[in-house]
There are 2 protein chains.
Amino acid sequence: MDKPATIKDVADLARVHAATASRALNPQTRDKVSPRTAARIVEAARTLGYSPNSAARSLRTRTSSVVGVVIPDLRNPVFPPIVRGVEDALREAGYLALLGNTDGDAERERDLLATMRGQQLAGFILATSKRDSLPFGPDVSVVLVNRRTDAGDVASVVADSRAGVHALVNLLVERGHSRIAHLAGPQDTSTGVERHRAFLDGLAAHDLAPVGVEVCAAFSEQAGFEATHKLLAAVRPTAIVAGNDMIALGCYGALAELGLRCPEDVSVTGFNDMPFVDKQRPALTTVRIPHYDIGYEAARLLLERIAAPASPPKRVVLPVELIVRGSVAGPAADRA
Amino acid sequence: MDKPATIKDVADLARVHAATASRALNPQTRDKVSPRTAARIVEAARTLGYSPNSAARSLRTRTSSVVGVVIPDLRNPVFPPIVRGVEDALREAGYLALLGNTDGDAERERDLLATMRGQQLAGFILATSKRDSLPFGPDVSVVLVNRRTDAGDVASVVADSRAGVHALVNLLVERGHSRIAHLAGPQDTSTGVERHRAFLDGLAAHDLAPVGVEVCAAFSEQAGFEATHKLLAAVRPTAIVAGNDMIALGCYGALAELGLRCPEDVSVTGFNDMPFVDKQRPALTTVRIPHYDIGYEAARLLLERIAAPASPPKRVVLPVELIVRGSVAGPAADRA
DNA sequence: TTGTAAGCGTTATCAA
DNA sequence: TTGATAACGCTTACAA
């Protein structure tokens with residue numbers, strides 16, 4: 001067990017040539033070798049504990065069973081289940097996931113992709129949120145997560161944020177709200193832009209206009225806190241649609257500081273249904289996104305593209321679920 | 001940009017031989033080539049967007065710049081910051097992280113490690129929690145996270161759980177508690193066992209015995225919920241030390257169901273200081289573990305071992321911090 | 001200081 | 001059906 005066995009060792013033990021051993025051991029080409037010798041070779045491989053040297057194989061085949069998975073930051077709670085879904089789907093196909101964080105930083109992303117490019121990866125799953133163009137040629141298999149290019153030629157998996165925002169707006173309108181504001185996510189992210197747009201035309205469908213829109217500097221509690229203060233300095237909505245759960249939590253904090261009660265004075269909604277938002281006070285009304293499924297589906301799509309690179313890239317939209325909790329009530333006027 | 005540039009392309013452009021280009025591009029051997037030609041080569045590499053083919057390099061050098069990172073489940077909130085710390089330290093050294101989840105399943109773990117072994121990895125970071133022995137020879141660089149082998153010959157990074165549990169016990173005793181129980185984590189995990197032991201001898205240091213100990217089936221809310229019911233069917237502690245935050249949250253639920261108030265009737269402590277436990281009601285008293293630092297340190301240690309495999313394996317213990325919040329008060333008797 | 005040449009382990013092509 | 005051979009891109013003695 002000192003040096004790992006090579007295919008030459010296996011071939012010698014089975015008294016065949018290395019090329020034959022290669023054919024016998026590769027499912028693709030197994031039928032090009034007689035069953036008897038194939039069995040002998042497989043047996044030899046087992047006794048030697050042979051496992052192929054992936055470096056040599058990659059060098060020869062110009063590909064590998066490793067996929068690059070690029071995300072902004074694993075500590076953002078939406079990504080762990082996505083990555084887990086990716087990994088599960090990859091593993092079922094014998095692939096492995098090479099993980100990298102970019103912090104949304106363009107240079108760090110370029111750097112990472114350059115390093116990864118050297119690794120003969122079979123493909124990439126990109127969940128970075130910036131809306132710039134892709135640093136890949138059409139020869140590289142790519143699936144985008146929660147993001148789309150303007151050019152429609154890249155496979156992608158997204159949640160139906162649009163439908164989610166509409167469901168939130170509809171809920172608020174049904175409960176009697178007409179003075180509704182939006183704490184938008186950063187407008188250089190596709191989710192930020194998309195939810196903002198959906199908010200506007202969701203309202204428009206009810207012949208309503210937003211009572212105010214404030215753009216947050218980040219999808220963070222702090223940014224949500226600050227944006228809420230700015231928003232409420234100007235207008236008095238009875239309901240606030242936040243760009244995501246983190247922003248909604250920041251909104252909770254600012255409301256408390258201003259002596260406004262949620263939901264009695266202001267209803268609040270989030271987006272993502274992060275862990276523990278059901279335990280907040282009040283429990284947050286939000287939209288649940290199938291994070292794990294998004295990751296799983298993205299990996300499946302990538303494997304499909306690896307197998308058939310020429311096929312037209314699919315764009316999958318996964319359904320979301322409205323989760324109604326205590327943070328939404330009728331407008332204060334109803335009870336006045 | 002069709003085919004990625006090879007070192008030969010770079011050499012041709014710089015009008016030198018591939019070997020010279022290799023020397024110039026490798027920090028190790030840069031001084032073996034004249035500064036002028038080296039500069040020309042580096043320039044050529046940049047204009048061609050050259051990045052070395054790692055398969056070829058691995059094949060030649062029998063190693064790679066990729067490290068296997070094996071954890072039970074990324075969705076467990078302790079792991080994302082650890083993995084992020086690992087990735088940051090690796091990236092600073094030009095390494096990449098190959099991530100795999102095992103779900104604590106022995107077969108899945110064996111499977112994963114076998115797949116990874118074929119990849120010429122430079123080393124492994126193992127954060128799986130089972131206490132079984134290592135499936136590696138001494139030729140493989142390994143660092144353990146939150147876990148140690150019984151044999152002391154493997155590098156590891158752990159948090160000082162022992163000190164953390166003692167701090168919790170001391171806090172409770174100072175507040176006047178003497179009827180203290182423990183909801184232990186699974187006893188086939190090293191953290192579960194270690195915290196249990198620390199609980200017992202932390203009490204013993206105050207000449208106290210536990211009023212009850214219930215072992216949870218998992219580090220989960222559900223398991224904590226069930227174990228709390230069992231515990232309270234038998235005994236009436238004034239304080240409960242939970243094996244981690246998830247178990248503590250399960251405990252919250254069971255207490256509420258039994259009509260017991262926290263902290264008025266029962267004080268509760270957790271472990272880990274997960275995100276959002278400060279937002280629970282009551283806010284959870286717990287022990288903060290430097291997750292990111294643990295990951296970062298583990299990767300640093302691994303890189304050291306890769307550089308000097310013969311050096312004696314270090315065992316790093318990182319300090320923890322007691323976080324006192326509303327879930328701990330004096331025992332009810334004080335106020336009666 | 002630079003060039004030459006060999007070889008890492010595998011697989012694809014060609015010939016037998 | 002099997003064997004011989006070359007090539008993938010890189011690094012490293014060794015030679016110049």
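Letters A, B, ... mirror the listed sequences (proteins, then strands); counts begin at 1.
- In terms of position along DNA chain C, the nucleotide closest to His17(B) lies nearer the 5' end than the nucleotide closest to the other residue of the pair His17(B) and His17(A).
- For the atom pair OG1 of Thr20(A) and CG of Leu25(A), the computed distance is 11.0 Å after rounding to the nearest 0.5 Å.
- If you take CD of Gln120(A) and C1' of dA7(D), they are 14 Å apart, rounded to a whole angstrom.
- Summarising the geometry, the separation between CG on Leu25(B) and P on dG9(D) is reported as 16 Å, rounded to the nearest angstrom.
- Rounding to whole angstrom units, CG of residue Asp9(B) and C1' of dC8(D) are separated by 13 Å.
- For the pair Arg15(A) CZ and dT1(D) P, the computed distance is 21 Å after rounding to whole Å.
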Between protein and nucleic acid, restricted to nucleotides 8-10 of chain C and to nitrogen or oxygen atoms under 3.5 Å apart, what atom pairs and distances do you find?
residue, atom, partner, partner atom, Å
dC8(C), O3', Arg62(B), NH1, 3.1
dG9(C), OP1, Arg62(B), NH2, 2.8
dG9(C), N2, Ala56(A), O, 3.3
dT10(C), OP1, Tyr50(A), OH, 2.6
dT10(C), OP1, Asn53(A), N, 3.2
dT10(C), OP2, Ile7(A), N, 2.5

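- Contact of the Tyr95(B) side chain with the Leu302(B) side chain is not registered, since no non-hydrogen atoms from C-beta on lie closer than 4.5 Å.
- Between Arg91(A) and Asp88(A), the closest side-chain pair of non-hydrogen atoms is not below 4.5 Å.
- The nearest whole Å value for the distance from the CZ atom in Arg117(A) to the C1' atom in dG9(D) is 17 Å.
- Between the CZ atom of Arg23(B) and the P atom of dT12(D) there is a distance of 10 Å, rounded to whole Å.
- Residue Ser34(B) places at least one side-chain N or O under 4.0 Å from the OP1 or OP2 atom of dT2(C).
- Results of the side-chain hydrogen bond (donor to acceptor under 3.5 Å, both in side chains) test with Tyr296(B) over Arg84(B), Glu92(B), His291(B) single out Glu92(B) as the only residue that passes.
- Rounded to whole angstrom, the span from the CZ atom of Arg30(A) across to the C1' atom of dT1(D) amounts to 16 Å.
- Counting non-hydrogen atoms of other residues, nucleotides and ligands closer than 6.0 Å to CZ of Arg30(A) gives a total above 12.
- Considering only heavy atoms from C-beta on, Val10(B) stays 4.5 Å or farther from Val16(B) through its side chain.
- Residues Val78(B) and Ile289(B) form no side-chain contact, since every pair of their non-hydrogen atoms from C-beta on lies 4.5 Å or further apart.
- Here Thr37(B) lies in heavy-atom contact (under 4.0 Å) with sugar-phosphate atoms only.
- In this entry the distance linking CG of Asn26(B) with P of dT2(C) reads 16 Å, nearest Å.
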